[in-house]
Amino acid sequence: MPFKKQKQHQQKHSGPKAEKKKLKKQNGSTEEDERKRNPKAFAVQSAVRMAKTFHRAQDIKTKKHHVPVVDRTPLEPPPIVIVVVGPPKVGKSTLIRCLIKNFTRQKLTDICGPVTIVSGKKRRLTFMECNNDINSMIDLAKVADLVLMLIDASFGFEMETFEFLNICQVHGFPRIMGVLTHLDAFKNNKTLRKTKKNLKHRFWTEVYQGAKLFYLSGMVYGEYQNQEVKNLGRFISVMKFRPLVWQTSHPYILADRIEDLTDPERLRTDPKCDRTVSLYGYLRGTHLKNKGQVHIPGVGDFQMSDVNFLPDPCPLPGTQKKRALNEKERLLYAPMAGVGGVVYDKDAVYIDLPANHVKQLQEVRPTTELVQSLIETHVTLDAKMAASKVSLFSGSAGLDPTDIMQEGLREIHVWDAHTQTQRRKVVFTGLEEEEDDVSGSSSDEDDDGSDQENQEEEDDLSTFLKEVRDKSEKATKGSTPPVKKRKLEEMQGEEEVIAEAPAFADSEDELERGEADSEGEGEAERAGDSGHCSKESEEDSDDEEDGDEDDESMEEEIGADDSDEEEEQGKYHSGLFTFSLCSILWTFKWKEGLQQKASAAFLRHQEAAPNLRKLVYGSVVEAEDSEEEEEELGGLFRVNRPQKSKKVQADALDCSHFNPDISHNWELEEMLNSIRDCFVTGQWEEGQDAATLLKEDEELYGDFEDLETGKVHKGTTGEQDQAEVRDSEYSVKMDDEEVQKNKRLEKKRRLKERFDTEYDDGDATYFDDLKEEMQKQAELNRAEFEDMDDESRVQYEGFRPGMYVRLEISSLPCEFVTNFDPHYPVIIGGLGTSEGNVGYLQMRLKKHRWYERILKTRDPLILSLGWRRFQTIPLYHIEDHNGRHRLLKYTPQHMHCGASIWGPITPQGTGFLAVQSVSGVKANFRIAATGVVLDLDKSVTIVKKLKLIGYPYKIFQNTCFIKGMFNTVLEVAKFEGASIRTVSGVRGQIKKALSTPPGAFRATFEDRLLMSDIVFLRSWYPVSIPQLYNPVTSLLLPVGQKDSWSGMRTVGQLKHDLGVRNKPSIDSLYKPITRAPRHFNPLHIPKELQKALPFKSKPKLLQPKGKVPRDLKRASVIREPHERKVAELLRALSTVHHYKKKVAQRAHHAKHKEFLQQKEKDEEAKMKRMKDARKKLYRIMGQKDQKKQRSSLKGTPQDD
Amino acid sequence: MASHGLTYEGCNFLRQRLVLSALSGKRVKIKNIRSKDDEPGLRDFEANFIRLLDKLTNGSTIEINQTGTVLVYQPGLLYGGTVEHDCNPQRSIGYYLEALLMLGPFMKSPLKATLRGVTNDLTDPTVDLLKSTALPVMKKFGIDGEGFDIKVRTSWYSVFVEMQSNPGMDKVAMHVILYLNLSLVLHPQVVKRGMAPGGGGEVVFTCPVRKTVRPVQLTDPGKIKRIRGVAYSVRVSPQMGNRIVESARGILNQFLPDIYIYTDHMKGANSGKSPGFGLTLVAETLNGYFLSAEMLSTPQGQGDPILPEDLGRNCAKLLLEEIYRGGCVDSSNQSLALLLMTLGQQDVSKVLLGPLSPYTIEFLRHIRDFFQIMFKIEVQKPLEDERKGGDKVLMTCVGVGYSNISKTLK
């Protein structure tokens, strides 16, 4: 049937209906109207359902919330780490190159190590390429902010991609952006589209629905298309990041520069000695404390010997009002890559930048003079650093910068040729030690060195000047005359002070870290700040002890001395580089007028409150001052320990009570008056006084209009107040104006507050409150140390993220330096408190569903947990219903299980992943398991099942003697009352030990045992965790073999490698089963029984049939040939006959069938005919009847 | 991966060092403990303290040399749970309790410590003082909730008497209080008071567990609205308490009318082994901060006996002294507050203190050693015409972001 088109609905365009509709459309009926018009439809049908929908709505709403966290991002954030990952030959380097070119207009040919660029006014980026080594992948996933995941579209996903995604998932999920490359390999547009779609959807399931996937279609001259790269760059520069837990709670650095500072002499004598290395990089994450512990993945745990911050090598442009960056602000910093930064050589470092770029830099900003100066001279970095330092000073001091620069550089050249030790001794502690060695005094000479220092201290200033002169002479001549030993020593003293104590004579909050207090300070172990014990302070304290109080002028001189030293310190530290000779030149210039400055500073000191900070964290001159002043101050600063009685102090009473020696006389009225205002009965502050508050309320709410009567009430008090104010205004007009203004502001503020509470905060939820609280805290965090200079700020809050810092680590293995490969990331991860310890960890673990095998207990496994990668021996266990941790031999296939390891203490909730080996590339998925740390309990409660077997040797009724289960009576005694069981399931209990044989016992059972029964006792045996913690030291391996680290092998691997095969026990071998045929005896039924049985069940004892006698057998007939012929013929005839008969029968049958059909037909026809006849008959009869009836109704017919 | 330990000399500040060691996980070595003394080595009470620490932790190792002059402590995991400990009567329970207050919130399971010994003595803060001042300080840091308490037996009867003697109290309030008390009496915590030197007191300290401590800004102490106190007496005439109260009120009434000093007289088994009496005064400010002072009678047979009147007066003066010093935390709890600030989130915490006590100063140094945290210390001088006592110190620090690594994640 053909489809018939329905008639379409005709919309009315005119008429009343159309009018009505139009009107409706115009007004736009709201839900409100609907409700009004049809209230029943909107009535609550079911309260339960309504509650349900409401709950659901709320659930969805709250699900959208993230737990609010305090925003701790610094004002100037560190560069964003962009890790470019992907399988080899996918185009990682090309992409980085293109992006760098896009952002900085520079070409970087060789990408190795992190590359930092300025991408915008507020954003810097650090690119890092991740090679195909799983070690690098793990390390970089931990520090990445954004991952550019390159996928070869012509090939599809590779295992590396999925591995990296899984690594990311475990260590906090950084932002991931997919980039499809090699799209030009597709010739067919349709397959291209299909592939894109498939890849996209697979990518989405892995990352999240709607994750950004970029397409880089084709290459133009070996680069990606400009427009596409530009778009990608735009995406990157507007991307937002959510803080990751691990990253925000730990400081970390992706090192972009590394320097070996080891003494060359030591290197010469022992090339394998531990190296002192300085690592440079942007600090990320959170605040870094000096002297803390760090972990370098691939190397190990180390204590930082020193940290300081440097001027930013790649600073953000200043706040200028323009949209784009200009050329000179597009900085590039990649020391390891060799272009645009610093090039590495064995012991020298070179710079390579286009000349015009350098010029621009020089003109614009002093901070990059560092780079510039480095470029101009081809000398070692240290020297260059020193030079750059000078230029930094020049800006502030007004000296001719170029002048100094030239001189400085020249000097450095000269200087460098000579002793290296001298060059570095001032700033770096490591070198200080060296010098100590040179001068033959150890670092802990503080105790005995005091006398000597006393002497030194007297002619402090003069010596210093002498030194300076010496040095300057040296500098001008360009040669190094041998310095006398004593002088050298003195100089060291000076310089150590300079190095260690950064201080500012002007600031009250001086940062002198000298510590005179602690007797334990000499010990190297004592942790604390770098300059625990400055010599200066020691001197001063000695001075105090000796009690030779100088007269006023003398004191002043000392003060001057101190302050000038302090100023120097300030200078040096703001530079934080080496103590170069040019700075000595400097000293002359600023020394003019020093005396005045110093004396002024000293006076200020005298006047100012004693510095509590110094008192607590290290006492200097001011400690004594405070002690002098404390009488006046009422015991506030009494706390300085008496230096002489150290030993007494050390063993004093440990008590937290604070009972001052001189208490105030609380009998006196004035004393009582001094605390009057501490009580509610005292006088209140201006803003809080009840009277004022009331008055204000009156002002606010005093005047109102009575609407009914139309009367207007005025706040009278306010009026009066104003009047009063007016009166007073005439008298003290000028002074009052300020006060009035303040008052008004205050009033305004309060009004606003009240308004806010009334209108805004009405529907504030818990979440909003929490968010607001966090916001406040974040503001406070920012504001608290904002106006401090970095030097002192670092003291309080540590080095803050975003700073460019230099770490010094004193004992790195030499392989780290000799086998250094910039393609591998060097990450310095800070460790929290107690994260440096090793202990037991309980974790929840699940075998990865893509990993093909299950994991075996006690097989060594490499874990990536926290910053670390290490090999350990896990024990897998599962918790039974009664809380017992039962040891498992293997991890379950698809289920979580517990795992206990011996490893580094890491906070609970930290995720980890496990791999079997980190060496080489395998076809299969390498991540064996993932999980999370649950607990750090030191007591392990894993048990394994132990079945003890015994055999009964004497059986009474239900009691039984059992042997073979234990060896001594004592063992039995321990298990008295324990329940035992036989194999057949008979339960029993151990009763008491028997004396002989040893270890036998009496037991009772619920039933009688058989001698063949075996009795067993189920017990649990605690398992101890093997203490293996083996950090993966992949970075120490030679270049090119860094991905071949192998640790402890599993038993299986060992056997395989050594070709050891276990001889299986003979009993366990399979043999062909041979079964003896069974023989059954005949059933014997007794005769009596047989008789009694019914016939049916009676055995039928039939006689065997006998032989048929011969005469009864019929003889066989052998036909004559004629007869045979006849018979043959007969048979043939009969066959023919049979056949004929058959055919005839078939024909007859068919004929009969036809006949029957015919008959049926006839019958049918006959029936029809009869039916018709009957019909006819009935019709006639009916007509007759009708006629009859009609006639009867008519009456008697006439003719009847 | 050797954890780098710290080394100290002398037995002073032993508790601080061990507590900080337990919290930071750093090994600590203390040398030359009374090495020049006639009786070298650790005293009994110190050994007892170490034993208590051992009970609280799991997997810690303690090595003491033959003479007891060198102690090496490798901290383990803070375990908590139910602990019973007999404290050495040389020092009062306060000595032990101060350390427990610092460790309590960072245990694996909530702490319930029953300490037996001297509840009140002269050298250490008494249990009453800690209960009324240390707990509110900790509450400010978010350590609060069910079962955060120090229980010494307080006699509700004496409260009742005090209230009756005060006609200003209205009947309804009294009934309400009585009702509440009765409900408390239904679950009596039989804990006993014991004076030095005999001891025999008992204290139950319960503390919930926290994963993190929140940062605080305690900068405005507010004005003192009321003063409360307990005058306790054991094995002496019950009249002593009343005499103390009388004299103390005499001084404090000049400032404030809202003063209640409860008398707490213990009898029989609850009264410990030695006679004595004392007074603890606590001033509460509008913002919920507590300043306290206390005074005790000299222990039996040691020194001159002291009159209860003198004791009351002196104690009141001590309270005035404490108020003069001011701040949001009283002098004996400074170190506790500073510790909790240090262990807070990586946010700025501020607290206003009175002058720093020597104990606190050493504690600050120790904090720097163990956690590398330095406090910004600013002196706030009182204004010209302000009558609010002496100089205050504003302590500011950024917390280390400490999280309780003992607590199990489920």
Side-chain angles (χ1 to χ4, degrees), chain A residues 70 72 249 286 289 291-292 301 303 519-520 523 525-528 609 612-613 616-617 633-636 639 647 649-652 654-658 663-664 666 672-681 777 780-781 784 795-797 833-834 836-838 907-909 934-939, chain B residues 1 3-15 24-25 34 36 58-59 76-77 98 123-124 223-225 255-256 317 320-321 323-324 331-332 346-348 355-359 361 364 368-369 371-372 374 376-377 379 386-391 396 398 400-403 405 408-409:
Chain A
V70 179
R72 299 198 180 97
S249 58
T286 180
K289 300 279 187 309
K291 299 280 171 197
D301 274 24
Q303 181 119 27
E519 52 283 357
E523 290 131 26
E525 278 187 343
R526 175 160 182 149
L612 255 180
R613 186 182 181 288
V616 174
Y617 292 120
L633 288 161
L636 179 53
V639 274
K647 279 284 170 275
Q649 188 71 18
D651 288 338
D654 180 13
C655 165
S656 66
H657 257 313
F658 182 23
S663 60
H664 301 98
W666 289 102
L672 294 178
N673 277 337
S674 70
I675 56 165
R676 282 270 172 222
D677 290 348
C678 291
F679 296 89
V680 281
T681 49
Q777 184 67 51
L780 185 72
N781 290 354
E784 184 58 36
Q795 294 284 312
Y796 290 125
E797 49 167 25
T833 49
S834 77
N837 298 345
V838 192
Q908 315 91 315
L934 293 182
D935 203 357
L936 306 163
D937 205 338
K938 302 232 168 178
S939 57
Chain B
M1 200 161 86
S3 65
H4 299 264
L6 298 167
T7 310
Y8 293 100
E9 281 193 33
C11 69
N12 202 5
F13 309 111
L14 179 84
R15 280 182 301 166
S24 68
R34 297 195 184 89
K36 300 276 168 63
N58 174 1
L77 187 90
E98 275 184 312
T123 45
D124 291 300
K223 292 188 184 298
I224 292 164
K225 62 176 175 185
F255 293 102
L256 211 63
K317 282 176 188 168
L320 294 185
E321 177 75 33
I323 291 168
Y324 180 84
S331 59
S332 52
Q346 291 182 330
D347 292 318
V348 170
L356 303 179
S357 70
Y359 187 80
I361 288 186
L364 285 172
R368 188 186 55 177
D369 291 350
F371 291 105
Q372 280 102 39
M374 266 172 90
K376 187 166 131 192
I377 307 168
V379 177
E386 223 177 23
R387 297 182 296 174
K388 283 186 165 181
D391 291 2
T396 312
V398 180
V400 283
Y402 185 85
S403 75
I405 59 161
T408 309
L409 184 79

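Not measured: the values here are computed from a predicted model. Lettering follows sequence order; numbering is per chain, from 1.
The distance from atom CD of A/Glu797 to atom CD of B/Gln346, rounded to the nearest 0.5 Å, is 10.5 Å. One finds the SG atom of A/Cys655 at 10.0 Å from the CZ atom of B/Phe13 (value rounded to the nearest 0.5 Å). To the nearest 0.5 Å, the span separating NZ on A/Lys289 from CE on B/Met374 amounts to 11.5 Å.
For the side-chain hydrogen bond (donor to acceptor under 3.5 Å, both in side chains) test, residues two or more places apart in sequence or in another chain that qualify with B/Asn58 are A/Asp937, A/Ser939. Applying the ring pair (Phe, Tyr, Trp, His ring centres under 6.0 Å) rule to A/Phe679 yields the partners B/Phe255; only residues at least two apart in sequence or on another chain are considered.
Between chain B and the residues A/Pro907, A/Ser656, A/Gly909, A/Gly292, the most heavy-atom pairs under 4.5 angstrom are made by A/Ser656. Put simply, of B/Val398, B/Leu320, B/Leu364, B/Leu256, the one with the most heavy-atom pairs under 4.5 Å next to chain A is B/Leu320. For the set A/Leu780, A/Asn673, A/Leu934, the entry with the most heavy-atom pairs within less than 4.5 Å of chain B is A/Leu934. Listed options A/Thr681, A/Thr833, A/Asp935 were ranked by heavy-atom pairs under 4.5 angstrom with chain B; first place goes to A/Asp935.
The part of A/Gln777 that comes within reach of chain B is its side chain, from C-beta onward, which places non-hydrogen atoms under 4.5 angstrom from that chain. Of the two parts of A/Arg676, the backbone and the side chain both hold a non-hydrogen atom closer than 4.5 Å to a non-hydrogen atom of chain B. For B/Thr396, the part lying under 4.5 angstrom from a heavy atom of chain A is the side chain only. Residue B/Glu98 touches chain A through its side chain alone, counting heavy-atom pairs closer than 4.5 Å.
A/Phe658 is not listed as a side-chain neighbour of B/Ser332, based on a closest heavy-atom distance of 4.5 Å or more.
Between B/Arg368 and A/Tyr617, the shortest heavy-atom contact is NH1-O, 3.3 Å. In terms of heavy atoms, A/Leu936 sits closest to B/Leu77 at O-CD1, 3.4 Å. Between B/Gly389 and A/Cys678, the closest heavy-atom pair is N-SG, 4.4 Å. Between B/Leu409 and A/Gln908, the shortest heavy-atom distance links the atoms CB-CB, 3.9 Å. The two residues B/Leu356 and A/Val616 make their nearest non-hydrogen contact at CD1-CG2, 4.1 Å.
Judged purely by atom type and a 3.5 angstrom limit, B/Asp347 has no side-chain atom pairing as donor or acceptor with the backbone of A/Val70.
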